[in-house]
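Below, read A as the first sequence line, B as the second, and so on, with proteins coming before strands; counting in each chain starts at 1.
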2 protein chains.
Amino acid sequence: MLSKKCKYAIHALVYLAERYQQGPVHIQDIAEQQHIPKKFLEAILLELRNAKILHSKKGKGGGYYLYRKPEDVNLMEIMRLMDGAIAMLPCVSLNYYEPCEECRDEKNCGIRDVFIGVRDETLRILSESNLAEILKRQKGERRV
Amino acid sequence: MLSKKCKYAIHALVYLAERYQQGPVHIQDIAEQQHIPKKFLEAILLELRNAKILHSKKGKGGGYYLYRKPEDVNLMEIMRLMDGAIAMLPCVSLNYYEPCEECRDEKNCGIRDVFIGVRDETLRILSESNLAEILKRQKGERRV
DNA sequence: GCGTAGTCTACTAATTCTATAGACAAAATG
DNA sequence: CATTTTGTCTATAGAATTAGTAGACTACGC
C-alpha cells in the first residue's frame, strides 16, 4: 500500500499539472482543494522541490509550480521519492537493494524469481504513467 | 514491501512443500532451519492452519504438514492472508476495497486506472506462482 | 518596513509490526 | 492414567514507522 504521504504527493502533482504554466499555486490552495493537512503538505512539496520536480516562489503571489513538463514526471519516480523501494522484497529492489537475511543462495531462490517478475511489470506500468497520461485519462471529469 | 510475517510464512510453506507427504514437521525444526523466531512462527502456522492450507498433529511425533497439494497453494493467497490487500490503493483492492477519501469521482480517476493495471499484472503473476512452481525454480539448490 | 508565503528543525501522537510469555489442550506411550 | 511431547490461544510488551503539528526563520514584493 502507498503511504498517505505518497498519495498526497500524487494528488498534489496532478493538481499542479492541471495548472501547468499558469503561475505559482499556494500551498494553502492545494491543501484545501485536495484535503491534505497543510503542514504535512509543506514537507512533501519541499521534498519534490529538492528533487527538481517542482519549483517555488516566495513572497506575495508565490507558491509552487511544476518545473518539468507533465509528461516528464512519472509515478515510478514519485513513489521512490516518497516511499522508497517499489519492489516487494529488498533483494529484488533496483534502487534500495539489500540481501534477504533468510536466503543463502540468492541466484537460485524460487521466491525471488517471482518477485523479480512482479517488480518488472510494476515498474513498466509506473514508468509509463506520467502526469500527462493521468490527466488524459481523467475523462469528462471536471476537478475543482 | 512484504512484512516479515509474510516472508516467514512463504519460507515455511516452501520448506513444508519440500517435505510434502513425509509426515508432520516440528515448529521447532522449521524455526531453526529457516531462522524464524519460534513463537512468531507458531502464530503464523496457526493462521495457515485455520485457512486450511496446513494441518497439524499434536503430541509426540506431531507437527505441521501441507494439507493441499503444493500446486494448489499460491502466493496470492498467502500474501492476502498475511498482509491483507495486495493492491497499492484501497480503492482498487478486490478483497479489501475501501473508497479513497480524496477521490470524488472514482470512475474517472486517472490515478486509479494506473493502479488497476498494476494490480492486475501483480495478481496474474502471484496467482500463477504456487509452491510447486517455486520448488521447480529452486534450480540446483540443495536447501537444508 | 510590512505582510505574504515558502524553508527548516524538532517534536509528538498514532498506528502497525515484531516478538514474547505463559496457561491450556490434545495426543502418544508405557 | 500419569507423563511427556507438541500444538493452541490470549494477552501484552517493545520497536519501528508513519502521520501530523509547532514555531522560528528567510526571502520576496509592494
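The aromatic rings of B:Tyr67 and B:His55 sit parallel to each other, their planes meeting at less than 30°, with 60° as the upper class boundary.
Using a 4.0 Å cut-off, no side-chain N or O of A:Ser56 falls inside it from OP1 or OP2 of C:dA5. For the pair A:Tyr8 and D:dG20, the criterion of a side-chain N or O lying under 4.0 Å from OP1 or OP2 is met.
When the nucleotides C:dT18, C:dG6, D:dA19 are ranked by their closest atom to the side chain of A:His26, C:dG6 comes out on top.
By the 4.5 Å heavy-atom criterion applied to side chains, A:Asp72 and A:Asn130 are not counted as neighbours. Between B:Arg119 and B:Ile116 the shortest side-chain heavy-atom distance falls below 4.5 Å. Considering only heavy atoms from C-beta on, B:Lys5 stays 4.5 Å or farther from B:Tyr8 through its side chain.
Distance NZ (A:Lys5) to P (C:dT16): 18 Å, rounded to an integer number of Å. Counting to the nearest Å, the P atom of C:dC17 and the NZ atom of B:Lys7 are 14 Å from each other. Following rounding to the nearest Å, A:Met1 (CE) and C:dT15 (P) show an atom-to-atom distance of 17 Å. Atoms CD1 (A:Ile30) and P (C:dA5) sit 13 Å apart, rounded to a whole Å.
Nearest heavy atoms, B:Gly110 versus A:Arg137: CA-CB, 4.0 Å. When all heavy atoms of B:Ala9 and B:Ile44 are compared, the pair lying nearest together is CB-CG2, 3.7 Å. Nearest heavy-atom pair, B:Leu81 versus B:Glu47, reported as atom, atom and distance to 0.1 Å: O-OE2, 3.5 Å.
If B:Gly62 and A:Cys6 are placed on DNA chain D by their nearest nucleotide, the residue sitting closer to the 5' end is B:Gly62.
With sequence neighbours left out, the side chain to side chain contact (heavy atoms under 4.5 Å, CB included) criterion links A:Met1 to B:Ala85, B:Pro90. Applying the side chain to side chain contact (heavy atoms under 4.5 Å, CB included) criterion to A:Leu2, with sequence neighbours excluded, gives A:Cys6, A:Lys7, A:Ile10, A:Met79, A:Asp83, B:Met88, B:Leu89, B:Phe115. Listed by chain and number, the residues in a side chain to side chain contact (heavy atoms under 4.5 Å, CB included) with A:Glu106 are A:Cys91, A:Tyr97, A:Pro99, A:Arg112 (sequence neighbours excluded).
Across residues 35-50 of chain A, A:Lys39, A:Glu42, A:Leu46, A:Arg49 each have a non-hydrogen atom less than 4.0 Å from an atom of DNA chain C (numbered order).
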Inset, instruction - List the protein contact pattern of nucleotides 24-30 of chain C with one symbol per nucleotide (5' to 3'): B for base contact, S for sugar-phosphate-only contact, - for none; contact means a heavy-atom distance under 4.0 Å. - result: --SBS--
Legend entry - Under 4.0 Å protein heavy-atom contact, by nucleotide of nucleotides 12-17 of chain D - B base, S sugar-phosphate only: ------
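The existence of a salt bridge linking B:Arg80 and B:Glu77 is excluded, since no basic side-chain nitrogen approaches an acidic carboxylate oxygen closer than 4.0 Å.
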